[in-house]
Amino acid sequence: MISMYELEMSLILGLIYGIVGMGIYLTFRVIDFPDLTCDGSFVLGAAISSVMIKYGYNPYFSLLMAIAGGMLAGSVTGILNCYFKVTDLLAGILVAFMLYSVNIHVMGGIPNISLLGKTTIFTFSPLIYLAIIAIVLVAVFTWFLSTNLGLSLRAIGQNKRLCLNGGVNVKWMIILGVALGNGLIALGGALFSQQQGFGDLTSGIGTIIAGFAAVIIGEKILPFRSLWVKLLSCVIGSIAYRVVTSVALNVEFLHLQTSDFNLIAGLLIVVIMAMPGRKNA
């Protein structure tokens, strides 16, 4: 049976990857851009935050810098796609590939930075702070996507040609959308590194799957059209994903090990996708 500690950890990780899920929702659902930069931008956020905390900067300020770094990485992906005619999938793969070297340089040439003894936002009441951050992000992006600029972003995900004929600068909207999505993903990476107590070069592995799980499961749990519900569903879906996988790992008769996590996660996503339900438009 799952312990209270494991349940708390599932909630914490669920909130962190719920923020990542919101970033993936912005790119894949809102602007219809299949972006694979996320594995690299997640680590970039973790690297920036870890290095800044190591050198005594405020942990909240390091989160803002992580967001800026992620947005820069996303902007490069968008520029490659819009101005260099690189396909969306390949642009994301290329930037994620290049970010490996960038992240090494950010971390000073070492693959792991310890935050032992450093003050992070998780020093006190991590669940409360994370919940507040998640709620604020849902509120901010609900407001933003309801503005004229946000409506333009949502429109290009529905019909780029119509937006182009209507005078919308589609290229800049795509760049902005991918930048915002990766900014949120980098924020998730920064929060993850602070929660774990170290920044690691390999921490981005599986980010895309965790983000997809948050979006897909959230859409099944809350299949509503309201914008704020769609964003909130990413957080709810991520929490559900973490709790279910944690429970599965702790069911004794299944004899599962921690190394079976990827198998459980993959099967859970397949089952959720196979379930009948209305697609979230």
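Just so you know, these numbers use all the heavy atoms, side chains as well, and skip hydrogens, waters and symmetry mates.
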Handout entry: Modelled atom types, side-chain donor and acceptor of Asp88 and Asn81, under 3.5 Å
Key =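 Per modelled atom types, Asp88 and Asn81 side chains form no pair under 3.5 Å.
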
Handout entry: Donor-acceptor pair between Ser49 and Gln194 side chains, under 3.5 angstrom
Key =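 A pair is found: one side chain offers a donor N or O, the other an acceptor, under 3.5 Å apart.
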
Exercise for the section: Determine whether more than 12 heavy atoms belonging to other residues, nucleotides or ligands lie under 6.0 Å from atom CD1 of Ile128. Expected result: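 No - once you tally the heavy atoms of other residues, nucleotides and ligands closer than 6.0 Å, there are 12 at most.
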
Practice task
Count the heavy atoms of every other residue, nucleotide or ligand shown that sit under 6.0 Å from OH of Tyr57, and state whether that count exceeds 12.
Solution key: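 Not buried by this count: 12 neighbours or fewer within 6.0 Å.
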
To the nearest 0.5 Å, how far apart are [atom1] in [X] and [atom2] in [Y]?
| X | Y | atom1 | atom2 | value |
| --- | --- | --- | --- | --- |
| Lys118 | Tyr55 | NZ | OH | 9.5 Å |
| Tyr60 | Ile53 | OH | CD1 | 10.5 Å |
| Phe144 | Leu180 | CZ | CG | 5.5 Å |
| Ile113 | Phe198 | CD1 | CZ | 12.0 Å |
| Glu219 | Ile272 | CD | CD1 | 11.5 Å |
| Met98 | Asn103 | CE | CG | 12.0 Å |

Handout entry: Cation-aromatic face contact Lys171/Tyr83, 6.0 Å, 45 degrees
Key =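 Output yes; distance and angle both within limits.
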
Exercise for the section: Of all the heavy-atom pairs spanning Val106 and Val51, show the shortest one and how long it is. Expected result: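 Closest pair (atom of Val106, atom of Val51, distance): O-CG2, 3.2 Å.
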
Exercise for the section: For residues Ser62 and Ile48, report the shortest heavy-atom separation together with the two atoms involved. Expected result: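 Taking every non-hydrogen atom into account, O-CG2, 4.4 Å.
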
Side-chain donor-acceptor pairs under 3.5 Å in residues 132-140, sequence neighbours left out?
none

Exercise for the section: Can you label the angle between the Phe42 ring and the Tyr17 ring as parallel, tilted or perpendicular, going by 30° and 60°? Expected result: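 Taking Tyr17 first and then Phe42, their aromatic rings lie parallel (interplane angle under 30°).
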
